[in-house]
Protein chains: 2
Amino acid sequence: MPLGNVSERRRSAPDLGVSVVILALDKHGGASAGTCDSMESQGLSKPEVGRLWLPLVRRVKQPFRDCWALPGAGLRSDISLEDAAFAALESTTKLHPHYLEQLYTFGGPHRSQGGLPMVSIVYWALVGQAEAEALHEAHNVQWFATDALPTLAFDHASIVDYALWRLRNKIEYSSIASRLVGDEFTLAQLRHVYEAVLGKALDPANFRRRLLSSGTLQATGKSQVRGRHRPAAIYRYAAGTPADEAYEGVLSAVTANRLLADRISVGDSQ
Amino acid sequence: MPLGNVSERRRSAPDLGVSVVILALDKHGGASAGTCDSMESQGLSKPEVGRLWLPLVRRVKQPFRDCWALPGAGLRSDISLEDAAFAALESTTKLHPHYLEQLYTFGGPHRSQGGLPMVSIVYWALVGQAEAEALHEAHNVQWFATDALPTLAFDHASIVDYALWRLRNKIEYSSIASRLVGDEFTLAQLRHVYEAVLGKALDPANFRRRLLSSGTLQATGKSQVRGRHRPAAIYRYAAGTPADEAYEGVLSAVTANRLLADRISVGDSQ
DNA sequence: CCAAAAGTGTTTTCTTTACACCCATGC
DNA sequence: GCATGGGTGTAAAGAAAACACTTTTGG
């Protein structure tokens with residue numbers, strides 16, 4: 001880590017790191033068929049709508065020592081950005097998310113308060129409830145509800161806000177919600193995910209129709225009894241839900257070329 | 001620029017730069033009221049639909065010497081990422097775009113062919129036709145149609161493909177198309193932008209209704225005579241087109257806090 | 001007058017929303 | 001039985017698409 005005087009540092013390239021915003025739902029939305037009653041006693045204020053939670057790590061170094069921050073690590077040049085994000089997750093939280101996508105790259109001199117100038121390539125991860133339980137809370141790693149966050153280090157609060165904004169937007173036009181439930185789920189559970197993300201109640205009947213007619217769901221044939229009412233059918237997402245998520249081109253250079261050839265042809269047709 | 005042996009480089013942080021994908025339309029879409037007949041003789045294959053063009057710069061250094069590449073520059077730590085993108089644009093093309101937004105950050109060991117490992121924070125810019133003409137083509141700077149690109153340096157071809165994909169997506173749910181026309185435009189000109197980006201013809205009547213009812217357009221009162229037919233009314237976008245473009249939080253830390261307070265409240269309402 | 005694009009009206013179709021109602025289960 | 005959420009039906013409202021038609025210009 002090269003240290004020079006101030007004017008030297010200003011002209012040189014900033015330091016580079018990856019951080020990850022991890023999001024999960026509490027019990028109302030995240031259950032896959034089976035037992036699902038943990039994480040419930042933290043005092044839900046809105047009993048009807050689940051809340052979004054994220055794990056934070058406590059910093060052990062200055063600046064912002066003892067503050068909570070997003071998991072992250074410095075970037076090495078021998079692995080991909082995505083792998084670096086995975087590695088950062090692994091080393092701090094042991095999580096292995098279904099969904100990991102680049103969110104945004106934050107930089108600029110205003111981010112360097114107290115430390116070196118820093119550019120952070122931020123990924124975001126969505127985990128189902130089963131995965132979320134794999135995180136072992138400790139003194140330095142802890143879940144927080146997104147609507148009751150502590151003071152965060154650096155500009156991490158803005159980063160979380162941005163991730164939540166992106167989630168609310170993206171849930172409208174992609175099947176991203178599937179990443180916050182388990183592999184198999186009832187329509188009510190999936191609806192609770194949408195309700196938690198959007199912050200409002202949805203009509204169960206219309207929700208059902210919309211999702212089923214989208215063709216992305218697949219009935220498992222199984223059903224789940226929960227409480228004194230009719231059992232709910234269990235669904236899963238159809239394999240390879242097409243063309244809704246991120247652009248494949250950015251994920252891997254190998255698959256990119258294959259997909260691009262078909263898709264990209266501006267000024268064609270008609 | 002620190003050089004060591006190979007294993008030292010692998011562990012250290014990669015180099016960091018910004019690149020910019022600049023997009024503009026040819027005459028069919030980009031004209032603001034007035035004369036607009038340049039850039040037309042390059043052999044349009046689809047006379048009814050305009051094409052997207054982008055400027056490239058010729059590399060003067062290895063690797064990929066003499067190849068065409070996206071404008072870019074190394075990143076310094078004393079300016080914001082966005083300003084760095086602006087600076088890169090300014091120094092190579094003299095363009096000053098209406099629209100400049102972060103596109104994606106590309107990295108990973110596979111990008112380092114022949115050179116140092118490199119992370120590129122890529123911005124994309126959209127310019128109107130008047131601005132596009134400000135670019136002085138030279139031996140080392142030249143416009144290319146996106147459907148007839150030369151071989152590009154590094155993975156810049158994938159980056160351009162990704163930008164085009166993003167444009168096609170984003171035009172559906174934002175007023176981003178306005179950035180490819182001038183400040184004032186007829187509905188036909190705006191429609192030509194949509195047609196060029198989407199690659200298909202649109203019904204003029206329905207297009208008119210859709211755009212006008214969206215409330216984002218404002219009649220100027222002026223009209224434009226062009227050819228032997230009824231003159232077209234000239235519109236402009238209403239100032240501060242709200243809530244459609246990018247999340248303001250990532251643009252400037254100052255305005256971010258103000259906007260976030262109102263917007264972000266997951267699990268609220270209802 | 002004619003050609004061509006601007007602009008309006010109308011019908012059809014599809015999607016979304018609201019809400020009434022039936023079904024299957026535990027108690 | 002009856003309360004509860006799962007699941008279906010249906011009508012009204014709204015948005016998008018298709019297309020006939022009128023208007024205003026240059027030639």
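Just so we're on the same page: letters track the sequence lines, and every chain starts at 1. Because the structure is predicted, anything quoted here is derived from the model rather than measured.
At the phosphate of D/dG6, neither OP1 nor OP2 sits under 4.0 Å from any side-chain N or O atom of A/R226.
Classification of the B/W68-B/F144 ring pair by plane angle, with boundaries at 30° and 60°, yields perpendicular. Between A/Y237 and A/F185, the angle of the ring planes lies from 30° to 60°, which puts this pair in the tilted group.
Put simply, CZ on A/F207 is 15 Å from P on D/dT8, counting in whole angstrom units. Following rounding to the nearest Å, A/E195 (CD) and D/dG5 (P) show an atom-to-atom distance of 13 Å. With rounding to whole Å, B/N206 atom CG is found 15 Å from C/dG7 atom P. When rounded to the nearest whole Å, the span between NZ of A/K222 and P of D/dG6 equals 18 Å. Computed from coordinates, the B/K200 NZ to D/dA17 C1' distance equals 11 Å when rounded to whole Å. The nearest whole Å value for the distance from the CG atom in A/L202 to the P atom in D/dG5 is 16 Å. The nearest whole Å value for the distance from the NE2 atom in B/H229 to the C1' atom in D/dT23 is 13 Å. If you measure from atom CD of A/Q189 to atom P of D/dG5, you get 14 Å, rounded to the nearest angstrom.
Taking the side chain of A/A205 as heavy atoms from C-beta on, and the options C/dG26, D/dG9, D/dA18, the nearest nucleotide is D/dG9. Closest approach to the A/R228 side chain among C/dA3, D/dG5, D/dA3 is made by D/dA3 (side chain taken as heavy atoms from C-beta onward). Out of C/dA18, D/dG6, C/dA4, the shortest distance to the side chain of A/R209 is found at C/dA18. Closest contact between the side chain of A/R208 and the listed nucleotides C/dC19, D/dG6, C/dC2 involves D/dG6.
A donor-acceptor contact shorter than 3.5 Å is absent between the side chain of B/E172 and the backbone of B/N169.
Proximity of B/V193 to B/Q189: side-chain heavy atoms (C-beta onward) are nowhere separated by under 4.5 Å.
At a cut-off of 3.5 angstrom, counting only N and O atoms as typed in the model, there is a donor on one side and an acceptor on the other between the side-chain of B/R230 and the base of D/dT23.
At a threshold of 4.0 angstrom between heavy atoms, the contacts of A/R210 with the nucleic acid are absent. Residue contacts shown for B/A233 are limited to sugar-phosphate atoms, with no base heavy atom under 4.0 Å away.
Salt bridge status for B/E101 with B/K170: present, with a side-chain N to carboxylate O gap under 4.0 Å.
Comparing A/G227 and B/A232 against DNA chain C, the residue whose closest nucleotide sits nearer the 5' end is B/A232. Remark on DNA chain D: of its neighbouring residues A/D203 and B/P231, the 5'-side contact belongs to A/D203, judged by nearest-heavy-atom nucleotide.
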